[in-house]
Amino acid sequence: MSGDHLFTFRVGNAGRSREVRVGRTAAIVVASLLGVLFVLLTQGIYDIRDNISKFHELRALRARVSEQNLALYHLDAKFEGLSAEVERLRAMDNRIRSLVKANASLRGKSPSGIGGAETPETSAANRLDKLLDLKFDRMKKDLLVDVNDLDVLGETLDGKRLLLESVPGGWPVRGTLSSAFGVRNSPFTETPVFHQGMDIVARAGAPVLASASGVVAKSGYEALYGNVVVVDHGAGYRSVYGHLSSCSVEEGARVNRGEELGKVGSTGRSTGPHLHYEVRVNGLPVNPARFLN
């Protein structure tokens, strides 16, 4: 490196290298340019950050202006409403004043025929107030009577609705009636016995449906009924579904009318697939045929 040159570089391979010399003046120019670029870049970054900050401030100002415009719009609407109310009151005042003037002019004239009993003005006003109070009291009593009648009627309708919802209705399964309610010859002993329900022959596995809404009082196995479900419908009504192949509900569950309780089977004391269906009222069995339609 000589005194006229600041840096010397060799570029290329060892056999084909070139020597590049950078003078002191060129290095100073390059450094100056880099410094200027650095200053410009720093200033540009600062300007960008400043513009971004101003943009956020501008957006916040626009949001506040929009809120203020909305508030002014609501105030203007309220003012318009108040203005309309003032105009209405002003028109009413003018009308009352005109009526008062007309009444005064009529009082100033001499009537040609006047007579009859007279009552002091204050007494008449008091009598009118009492009459209005009396009418208001009568109207209030009539309204109270009507409301009480409606309450009683509503309670009666609610009671009837609950009663209707508690009454079993429809066929729990579609099939053929093989044994009715009442006395029959036992298929096991061939002696007369009382049959507390009705037997409906149906396809094994057919769904058995609740004949009314209620709460499952029993869901399990008994020796005579086999797999049996008992539903308490309220108001003293219960329905029994016996000889099921399986039970689909658990005790304590709430079921709706038409909801599946189990499947047709031949469990317990049975001669073949069928549903033993009972309806009990206050603990006593009644003829289920009354509730099928």
Side-chain angles (χ1 to χ4, degrees), residues 154-293:
E155 292 176 358
T156 303
L157 291 177
D158 286 339
K160 290 184 178 180
R161 178 180 59 81
L162 293 175
L163 181 61
L164 288 175
E165 291 178 353
S166 302
V167 176
W171 289 72
V173 65
R174 287 298 175 181
T176 304
L177 183 63
S178 60
S179 181
F181 176 86
V183 179
R184 72 174 184 182
N185 288 330
S186 172
F188 304 100
T189 63
E190 295 296 333
T191 58
V193 294
F194 186 81
H195 189 220
Q196 296 185 354
M198 58 190 305
D199 294 336
I200 304 173
V201 178
R203 173 181 54 84
V208 176
L209 310 180
S211 56
S213 301
V215 178
V216 178
K218 182 177 181 59
S219 178
Y221 186 85
E222 291 185 5
L224 296 179
Y225 290 95
N227 292 324
V228 61
V229 173
V230 179
V231 180
D232 187 353
H233 307 293
Y237 286 90
R238 284 194 172 194
S239 56
V240 181
Y241 311 82
H243 306 305
L244 303 176
S245 63
S246 62
C247 302
S248 305
V249 292
E250 298 180 354
E251 292 184 9
R254 176 74 185 179
V255 294
N256 298 319
R257 186 190 300 269
E259 186 174 341
E260 182 177 321
L261 303 176
K263 305 288 186 183
V264 172
S266 185
T267 57
R269 199 180 188 196
S270 172
T271 60
H274 73 285
L275 172 67
H276 174 81
Y277 177 56
E278 292 183 19
V279 175
R280 299 173 184 174
V281 180
N282 296 325
L284 299 177
V286 296
N287 190 354
R290 298 167 49 189
F291 306 95
L292 292 183
N293 296 326

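If you're wondering where the values come from, they're calculated on a predicted model, not measured in any experiment.
Residue pairs that meet the salt bridge (Lys or Arg N to Asp or Glu O under 4.0 Å) test with at least one member in residues 169-192, sequence neighbours left out, are Arg184-Asp199.
Separation of atoms CG (Leu224) and NE2 (His243) is listed at 8.0 Å; rounding is to 0.5 Å. For the atom pair CD1 (Ile200) and CG (Leu275), the distance works out to 5.5 Å, reported to the nearest 0.5 Å. Distance OH/Tyr221 to CG/Leu244: 12.0 Å, rounded to 0.5 Å.
Closest of all the heavy-atom pairs between Val167 and Ala212 is O-CB, 3.7 Å. Between Pro187 and Thr271 the shortest heavy-atom distance is CB-CG2, 4.4 Å. Between Val201 and Pro273, the closest heavy-atom pair is CG1-O, 3.9 Å. Leu292 approaches Pro172 most closely through the heavy-atom pair CD2-CD, 4.5 Å. Nearest heavy-atom pair, Val173 versus Ala206, reported as atom, atom and distance to 0.1 Å: CG2-CB, 4.3 Å. Between Lys263 and Val208, the shortest heavy-atom contact is C-CG2, 4.1 Å.
With a 4.5 Å cut-off on side-chain heavy atoms, Val231 and Leu261 count as touching. Under the 4.5 Å side-chain criterion, counting only non-hydrogen atoms from C-beta, His233 is in contact with Ser239.
Looking at residues two or more places apart in sequence or on another chain, you find a side chain to side chain donor-acceptor pair (under 3.5 Å) between Ser270 and Ser266, His274. Looking at residues two or more places apart in sequence or on another chain, you find no side-chain contact (heavy atoms from CB on, under 4.5 Å) involving Thr176. With sequence neighbours excluded, the residues that form a side-chain contact (heavy atoms from CB on, under 4.5 Å) with Ser248 are Glu260. Taking Ala217 as the reference, Val230, Asp232, Arg238 meet the side-chain contact (heavy atoms from CB on, under 4.5 Å) condition, with sequence neighbours excluded. Remark: Asn256 pairs with Ser213, Glu259 by the side-chain contact (heavy atoms from CB on, under 4.5 Å) rule, at least two apart or across chains.
Using cut-offs of 30° and 60° on the angle between ring planes, the pair Tyr241 and Tyr277 is tilted.
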Full working for side-chain contact (heavy atoms from CB on, under 4.5 Å) between Tyr225 and Thr267: CA-CA 7 Å; Tyr225 290 95; Thr267 57; over 6 Å; no

Steps toward side-chain contact (heavy atoms from CB on, under 4.5 Å) verdict (Phe291, Tyr237): CA-CA 12 Å; Phe291 306 95; Tyr237 286 90; 4.1 Å; yes

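Within the 6.0 Å centre-distance limit, the rings of Phe181 and Phe194 are counted as a close aromatic pair.
For Ser219 (side chain) and Val249 (main-chain N/O), a donor-acceptor pair under 3.5 Å exists by modelled atom type.
The only option from Arg280, Gln196, Met198 that meets the side chain to side chain contact (heavy atoms under 4.5 Å, CB included) definition with Pro288 turns out to be Met198.
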